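To start, the structure itself, in structure tokens.
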Amino acid sequence: MSKIVMKTPLVEMDGDEMTRILWADIKALLIEPYVDLKTEYYDLGLPHRDETRDQVTIDSANATKRLGVAVKCATITPNAQRMTEYSLHEMWKSPNGTIRAMLDGTVFRAPILVKGVHPTVRTWEQPITIARHAYGDVYRNVEMKIPGAGKAELVFTGEDGQEIRQTVFEFKGPGILQGVHNLDASITSFAHACFQYALSVKQDLWFSTKDTISKTYDHRFKDIFQEIYDTDYKAKFEAAGIEYFYTLIDDAVARVVRSKGGFIWACKNYDGDVMSDMVATAFGSLAMMTSVLVSPDGQFEYEAAHGTVTRHYYRYLKGEETSTNPVATIFAWSGALRKRGELDELPELMAFADKLEQATLDTIESGVMTKDLALLWDGECTAVNSKAFLQAIAEKL
């Protein structure tokens with residue numbers, strides 16, 4: 001059969017450890033036999049990021065701005081142990097954080113549902129989409145160890161020389177200190193993205209922070225959302241028959257657990273990071289969640305919402321068999337191919353992405369799956385290793 005011809009390349013961001021192994025297998029078994037795949041390749045594996053002093057991450061984000069659609073493998077955010085393991089020059093920041101900051105986007109994450117895997121929360125009947133702000137907070141923090149007694153201050157010096165100064169804390173002994181920031185422009189982009197997405201899927205939008213405690217920082221998020229909703233979206237939401245409301249993050253958690261699902265939950269950066277993992281796990285598995293970063297300028301970066309599956313990678317290096325779930329990574333590829341087909345007016349590429357996803361779900365629903373899903377499966381099933389699972393999907397496809 002002739003392969004589907006692409007017009008514009010995807011930005012391909014390769015990653016680390018077990019997901020890097022699966023990345024190559026997914027391309028070879030599920031995509032390249034059917035698509036004349038065009039990508040602009042960037043190696044975001046930790047060794048190459050260190051070799052380029054993380055310039056490759058910046059280059060990949062700029063390529064996404066230029067080409068419009070990217071697909072990203074899971075990557076390592078190094079800690080002290082990784083510094084030693086990889087002999088790094090520097091403890092590089094999260095590549096996801098760098099890319100999100102450069103694109104000023106919002107991350108939308110939703111669980112992938114299959115028949116036979118039931119949510120842990122018995123009331124959930126429909127997917128819950130997490131809209132995660134993708135700039136600032138602890139992901140762009142500045143922090144330090146405090147050696148001993150002294151005064152920590154927050155100081156802002158304006159371009160006109162005016163100085164605003166506030167005491168953070170008077171230390172009596174050693175401690176730690178952190179400074180975080182955000183931007184009105186980024187919060188505004190986040191709000192517009194959430195409201196527009198809610199209208200496109202006709203679902204209620206919930207937004208939550210902790211403004212009762214963070215009376216300036218979190219309250220700014222709340223105010224910007226409300227102003228934009230009242231000015232630009234209230235009438236549109238009412239016409240669509242959907243609702244926007246704000247509540248405290250702790251109240252939101254209680255409401256979510258009691259809900260039936262079927263709504264969008266907008267969260268600040270860290271809250272979205274944690275809650276998306278909670279929602280994915282409660283629906284079945286972290287490997288069963290889609291994730292797409294959407295920029296205000298209309299760029300899209302698709303990725304898996306989970307990590308690099310380090311434990312399985314170490315077993316793989318020993319020659320042991322692994323049963324790592326590749327579904328989120330498959331759906332990252334299908335999402336990127338579908339969007340590329342949509343933007344380039346290639347209906348056959350969009351149809352291929354749909355069939356790839358359906359073949360993946362049909363394989364699981366036929367009773368063939370990786371071990372993480374087998375533990376949750378309602379009925380008889382066959383747990384297979386990663387390669388066998390991909391080969392089963394290839395047969396369905």
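None of the values given here were measured: they were computed from a predicted structure.
Counting all heavy atoms, side chain and backbone alike, Val327 lies closest to Ala287 at CB-O, 3.6 Å.
Not a single donor-acceptor pair under 3.5 Å links the side chain of Thr308 to the backbone N or O of Thr75. Arg82 places no side-chain N or O within 3.5 Å of a backbone atom of Leu46 that could act as its donor or acceptor partner. Proximity of a side-chain donor or acceptor of Lys7 to a complementary backbone N or O of Asp344 within less than 3.5 Å is detected. Using modelled atom types, one side-chain atom of Glu365 and one backbone atom of Lys115 make a donor-acceptor pair closer than 3.5 Å. Judged purely by atom type and a 3.5 angstrom limit, Thr57 has no side-chain atom pairing as donor or acceptor with the backbone of Arg49. At least one donor-acceptor pair closer than 3.5 Å links the side chain of Ser189 to the backbone N or O of Ala185. Judged purely by atom type and a 3.5 angstrom limit, Lys3 uses its side chain to pair as donor or acceptor with the backbone of Glu32. With hydrogens and angles ignored, the 3.5 Å screen pairs a side-chain donor or acceptor of Arg53 with a backbone N or O of Asp50. A donor-acceptor pair under 3.5 Å is formed between the side chain of Thr64 and the backbone N or O of Ser60. Counting only distance, with no hydrogens or angles, the side chain of Trp124 and the backbone of Val256 share a donor-acceptor pair below 3.5 Å.
Rounding to the nearest 0.5 Å places CD1 of Ile112 at 8.5 Å from OG1 of Thr360. Summarising the geometry, atom CG belonging to Leu356 is positioned 9.5 Å from atom CG belonging to Leu361; distances are rounded to the nearest 0.5 Å. For the atom pair CG of Leu397 and CD1 of Ile393, the computed distance is 9.0 Å after rounding to the nearest 0.5 Å. Atom-to-atom distance recorded for Glu243:CD and Leu205:CG is 10.0 Å, nearest 0.5 angstrom. Here the straight-line distance linking atom CG of Leu349 with atom OG of Ser334 works out to 10.5 Å at 0.5 Å rounding.
Within a 6.0 Å radius of CD in Glu345, no more than 12 heavy atoms belonging to other residues, nucleotides or ligands are found. Atom CD of Glu380 sits in a sparse spot, with 12 or fewer heavy atoms from other residues, nucleotides or ligands closer than 6.0 Å. Counting non-hydrogen atoms of neighbouring residues, nucleotides and ligands closer than 6.0 angstrom, the OH atom of Tyr34 exceeds 12 such neighbours. In Phe171, the CZ atom is crowded: over 12 heavy atoms of neighbouring residues, nucleotides or ligands sit closer than 6.0 Å. Atom CE of Met144 has 12 or fewer heavy atoms from other residues, nucleotides or ligands within 6.0 Å. The environment of Lys371 atom NZ is sparse: at most 12 non-hydrogen atoms of other residues, nucleotides or ligands sit within 6.0 angstrom. In this structure, Glu163 places its CD atom where more than 12 heavy-atom neighbours from other residues, nucleotides or ligands lie under 6.0 Å away. Other residues, nucleotides and ligands contribute over 12 non-hydrogen atoms within 6.0 Å of the CZ atom of Arg66.
Between Glu301 and Lys72 there is no salt bridge, since no side-chain nitrogen of the basic residue lies less than 4.0 Å from a carboxylate oxygen of the acidic one. Of the charged side-chain nitrogens involved, none lies within less than 4.0 Å of a carboxylate oxygen, so that Asp54 and Lys93 do not count as a salt-bridged pair. The residues Lys65 and Asp297 are annotated as not salt-bridged, no charged nitrogen and carboxylate oxygen being separated by less than 4.0 angstrom. At a threshold of 4.0 Å, the pair Arg20-Asp43 counts as salt-bridged, since one of the basic side-chain nitrogens sits closer than that to a carboxylate oxygen.
In terms of the ring-ring contact (aromatic ring centres under 6.0 Å, His included) criterion, Tyr139 has no residue partners (sequence neighbours excluded). Applying the salt bridge (Lys or Arg N to Asp or Glu O under 4.0 Å) rule to Glu342 yields the partners Lys339; only residues at least two apart in sequence or on another chain are considered.
Glu17 and Thr310 form a side-chain donor-acceptor contact under 3.5 Å, judged by distance and modelled atom types alone. With hydrogens and angles left out, the side-chain atoms of Tyr233 and Gln196 include a donor and acceptor closer than 3.5 Å. With no hydrogens or angles considered, no side-chain donor-acceptor pair links Tyr135 and Asn269 at under 3.5 Å. Ser386 and His312 share no side-chain donor-acceptor pair at under 3.5 Å. Remark: the Glu85 side chain and the Gln81 side chain contain an N/O donor-acceptor pair separated by less than 3.5 Å. A donor-acceptor contact closer than 3.5 angstrom links the side chains of Thr370 and Asp372. In the model, Arg315 has no side-chain atom that pairs as donor or acceptor with a side-chain atom of Thr322 under 3.5 Å. Side-chain contact, Trp265 with Ser208: a donor N or O sits under 3.5 Å from an acceptor N or O. Side chains of Asp230 and Gln226: a donor on one and an acceptor on the other come within 3.5 Å. Checked by atom type, the side-chain pair Thr324/Tyr316 shows no donor-acceptor distance below 3.5 Å.
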Point to revise | Verdict with reasoning, Lys222 to Glu227, per salt bridge (Lys or Arg N to Asp or Glu O under 4.0 Å) | key: CA-CA 9 Å; Lys222 176 185 177 182; Glu227 289 163 10; over 6 Å; no
Practice item. Please step through side chain to side chain contact (heavy atoms under 4.5 Å, CB included) for the pair Ile213 and Asp218, ending with a clear verdict. Key: CA-CA 8 Å; Ile213 302 300; Asp218 280 23; over 6 Å; no
Exercise for review: Apply salt bridge (Lys or Arg N to Asp or Glu O under 4.0 Å) to Asp273 and Arg132, showing your working.
Suggested key: CA-CA 7 Å; Asp273 190 358; Arg132 175 186 172 187; 3.7 Å; yes
Exercise for review: List the steps, then state whether ring-ring contact (aromatic ring centres under 6.0 Å, His included) holds for Phe190 with Phe225.
Suggested key: CA-CA 9 Å; Phe190 174 43; Phe225 262 73; 5.2 Å; yes
Practice item. Please assess Tyr229 against Phe195 for the test ring-ring contact (aromatic ring centres under 6.0 Å, His included), listing each intermediate value before the final yes or no. Key: CA-CA 8 Å; Tyr229 175 70; Phe195 290 127; 5.6 Å; yes
Point to revise | Trace of the salt bridge (Lys or Arg N to Asp or Glu O under 4.0 Å) decision for Lys151 with Glu170 | key: CA-CA 4 Å; Lys151 182 166 71 172; Glu170 300 217 7; 5.0 Å; no
Point to revise | Step-by-step salt bridge (Lys or Arg N to Asp or Glu O under 4.0 Å) determination, Glu321 to Lys387 | key: CA-CA 9 Å; Glu321 189 176 277; Lys387 196 67 171 280; over 6 Å; no
Point to revise | Intermediate values then yes/no, ring-ring contact (aromatic ring centres under 6.0 Å, His included), Trp333 and Tyr302 | key: CA-CA 7 Å; Trp333 272 103; Tyr302 295 81; over 10 Å; no
Exercise for review: Show your reasoning for whether ring-ring contact (aromatic ring centres under 6.0 Å, His included) applies to Tyr217 and His181.
Suggested key: CA-CA 8 Å; Tyr217 196 101; His181 78 281; 8.6 Å; no
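Side-chain contact between Met13 and Ile99: present, with at least one pair of heavy atoms (C-beta onward) separated by less than 4.5 Å. Between Thr19 and Val309, some side-chain heavy-atom pair lies under the 4.5 Å cut-off. Within the 4.5 Å cutoff, side-chain heavy atoms of Arg255 are placed close to those of Trp206.
Among pairs with a residue in residues 46-99, none fulfils ring-ring contact (aromatic ring centres under 6.0 Å, His included), at least two apart in sequence or across chains.
Cation-pi geometry between Lys268 and Phe221 is met: the NZ or CZ atom falls under 6.0 Å from the ring centre, inside 45° of the normal.
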